[in-house]
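In what follows, chains carry the letters A, B, and so on, assigned in the order in which the sequence lines appear, proteins first and then strands, with residues in each chain numbered from 1. Scope of the values below: all heavy atoms of this structure, side chains included, with no hydrogens, waters or symmetry mates.
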2 protein chains.
Amino acid sequence: MAMTIRDIAREAGVSTATVSRALRGLPNVDPVTRERVRQVAERLDYVVSPAASRLASGRAGSIAVITPYIARWYFARVLSGIESVLQASDLDLLLSSVGDPSESNHLPPHRKLRRRVDGFLVISLPTDTPGVGEIFDLDLPVVLIDTDRPGCSSVGIDDVAGSRMAVQHLVNLGHERIGLISGRALPSPFRPEENRIVGYHETLAEAGLAIEPDLEACGHFTIEGGERAMTSLLARPRPPTAVFAMSDEMALGALRSLRSHGLEPGRDVSVVGFDGHEMAEHLDLTTVVQPVEQIGARAARALLDRLDSPTEGPVHVELPLEMVVRGSTAPRRDRS
Amino acid sequence: MAMTIRDIAREAGVSTATVSRALRGLPNVDPVTRERVRQVAERLDYVVSPAASRLASGRAGSIAVITPYIARWYFARVLSGIESVLQASDLDLLLSSVGDPSESNHLPPHRKLRRRVDGFLVISLPTDTPGVGEIFDLDLPVVLIDTDRPGCSSVGIDDVAGSRMAVQHLVNLGHERIGLISGRALPSPFRPEENRIVGYHETLAEAGLAIEPDLEACGHFTIEGGERAMTSLLARPRPPTAVFAMSDEMALGALRSLRSHGLEPGRDVSVVGFDGHEMAEHLDLTTVVQPVEQIGARAARALLDRLDSPTEGPVHVELPLEMVVRGSTAPRRDRS
DNA sequence: TTGTACGCGTTATCAC
DNA sequence: GTGATAACGCGTACAA
């Protein structure tokens, strides 16, 4: 039924070895022979059997992307960036989502991927997550996104710096009671979450402002979580006049909470987000923009490089952040 | 280095054939033998070589998901639904995004996937898209999402009905000039787009309302596109008092346009969206909710069923829609 | 119920 | 530059 390399060899009047070399662009093939083989393969609509090729070569021909989520804004975008790079390579992209490591539905990716990939791209997951830690025992190249580990390549942003930009902006506007909407109660399994909290605390401290647990609330990275968090902050004895939300989605929830309390974002309470969600632009949210798709693309490229030249050492890429100031932040005014 | 089936056979004191049968759960294996083999495999940390297994069995062990986009709200969610089902199977999920078929960056998936998958899941793409049409020549099971084709399984919603729900709602509220924010100028490559337009036209006609090109604008399925479309509609000689946007993201853009013109959604101009985006809830947008993740999950399940029993005929799944009425729609009031 | 032996379609190592 | 040919690791008739 399907063509085999022997069919091509026979038809082109050469050996299977030559067909293999010619089609893969290996050296030591007469240009004329190579072209003839190419023509025949084309004419007979031949494509190599990946299974046979992989068995013989020992390479899996695929890389795995391991992510906690697929549909969430950030992860979908990183994935898209990864795919855009892998598309042009000859590797298959195997997708595996494992859920939040702190949730009960979390399931380890490790077993399913054994012997079927040449490398891993891990998004956000801590390296000691069950099922993820074992990946490093496989002796395959791994590129980490949003976290790092000795001897392992990594791509990400400077979360501490980004968080500092956001909070410093509020400080500069004269705010003295600056709240935080974080993801969950510490310790978080996710590195960016911890680092953004660090940036928040550091900046407050340097500005001579007190760090009060009463200024912090958890928003679980969702819109409604952010809304609840803001509502909770507003209900406290001495509510903040400004808030840094660790993600745009939580910040958008916070905006909504403000409005439903008759408060206007910016004028009454300033809000800064983090991400660069499209919705931020349309809801006039000040935010720290990270180049999400690029994060994925750079990580994928780093992995490809590593597969091409396995002797190279690990690479660490840090992508730049940009603060976009919009109407949700304004100088502090005492509320009447 | 890595264990082979022979190592297990030797260690368990049986033949490789028995190991193969035992590990795959085939019948005609003594329970005691099977258990012993399992133990040995477990102890030696053995996993079959997918390449060898695939070569010998002729099965590719993977399915491909072909989608125009990865990061967009709808597609990311469908993909997530697909992955949740495939996760539990023993098939690999190969991801391939091809871009909008009407854009120049579109690239055909066909070649890259030859011989490496057992079936296809195609999201939204028209079956005559370059590179997609050829898939059907491969004689592999295909499940189509958001479109259909004779002899091929499909999963989706009734876009005409959904569109009718939305527009009828506006008619019932007394609106007579009902605008449409569509994706692009017809003909569209996407079936849902065409069907939603049909539903819009049909409902208008049945209500005895005129169909005016002047009431329609393109929003390209993005927030800002929706905003521009609404702005354009407002600038026309006789602007609509209500608008049906074919996606929530476009509807959200429309809301923003209204506000920036000093108009209040609902009170001044009613807006209905389509999708069930989280943001719709938080911006009080009336919308037609579709079960997006379920669409992906059902499609994946349909494909798995088809792989299990290839003799079964095609299946057609139509998932239910739900209209959620919120504050963005209200009875028509003549503007002062 | 179990074992033997061949075939799956390449790649890679030699010789030539 | 090219051709034989031995792996690669498993599935599966067929025989026992």
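- Between B:N28 atom CG and D:dA16 atom C1' the separation is 15 Å, expressed in whole Å.
- Here A:S53 reaches the OP1 or OP2 of C:dT11: one of its side-chain N or O atoms lies under 4.0 Å away.
- A:D92 has a carboxylate O that lies under 4.0 Å from a charged side-chain N of B:R116, or vice versa, which qualifies the two as a salt bridge.
- Within the 3.5 Å criterion, the main-chain N or O of A:S49 finds no donor-acceptor partner in the side chain of A:S53.
- Residue B:S15 places at least one side-chain N or O closer than 4.0 Å to OP1 or OP2 of C:dG3.
- Neither OP1 nor OP2 of D:dG3 sits under 4.0 Å from any side-chain N or O of A:T16.
- Here the C1' atom of nucleotide C:dC6 and the CZ atom of B:R6 are 13 Å apart, to the nearest Å.
- Between the CZ atom of B:R54 and the P atom of D:dG9 there is a distance of 16 Å, given to the nearest Å.
- If you check the side chains of A:S154 and A:D148, you find no donor sitting under 3.5 Å from an acceptor.
- Atom CG of A:D30 is separated from atom C1' of D:dG3 by 15 Å (rounded to the nearest Å).
- Listed nucleotides: C:dA12, D:dT2, C:dT1. Nearest to the side chain of A:V29: D:dT2.
- Residue B:R34 is the one, among B:A56 and B:R34, whose nearest nucleotide of DNA chain C lies closer to the 5' end (criterion: closest heavy atom).
- If you take CZ of A:R10 and C1' of D:dG3, they are 16 Å apart, rounded to a whole angstrom.
- Atom pair A:R59:CZ and C:dA12:C1' shows a separation of 10 Å (rounding to whole Å applied).
- A salt bridge is absent between A:K112 and B:D90: the closest approach of a Lys/Arg side-chain nitrogen to an acidic carboxylate oxygen does not fall below 4.0 angstrom.
- For the residue pair A:S188/A:E194, the side-chain donor-acceptor check at 3.5 Å is not satisfied.
- Considering only side-chain N and O atoms, B:T18 lies nowhere under 4.0 angstrom from the phosphate OP1 or OP2 of C:dT2.
- Contact between the side-chain N/O atoms of B:R115 and the OP1/OP2 oxygens of C:dT10 is found at a separation under 4.0 Å.
- Atom CG of A:L55 and atom C1' of D:dC8 are 4 Å apart (whole Å).
- Checking the phosphate oxygens (OP1, OP2) of D:dG11, a side-chain nitrogen or oxygen of B:S20 falls inside 4.0 Å.
- With hydrogens and angles ignored, a donor-acceptor pair closer than 3.5 Å exists between the side chain of A:R21 and the base of D:dG3.
- OP1 and OP2 of D:dG9 both lie 4.0 Å or more from every side-chain N or O belonging to B:Y46.
- With C:dT2, D:dT12, D:dA4 as the candidates, the nucleotide lying closest to the side chain of B:A17 is D:dT12.
- In this structure, the CD1 atom of A:I5 is 13 Å from the C1' atom of D:dG3, given to the nearest Å.
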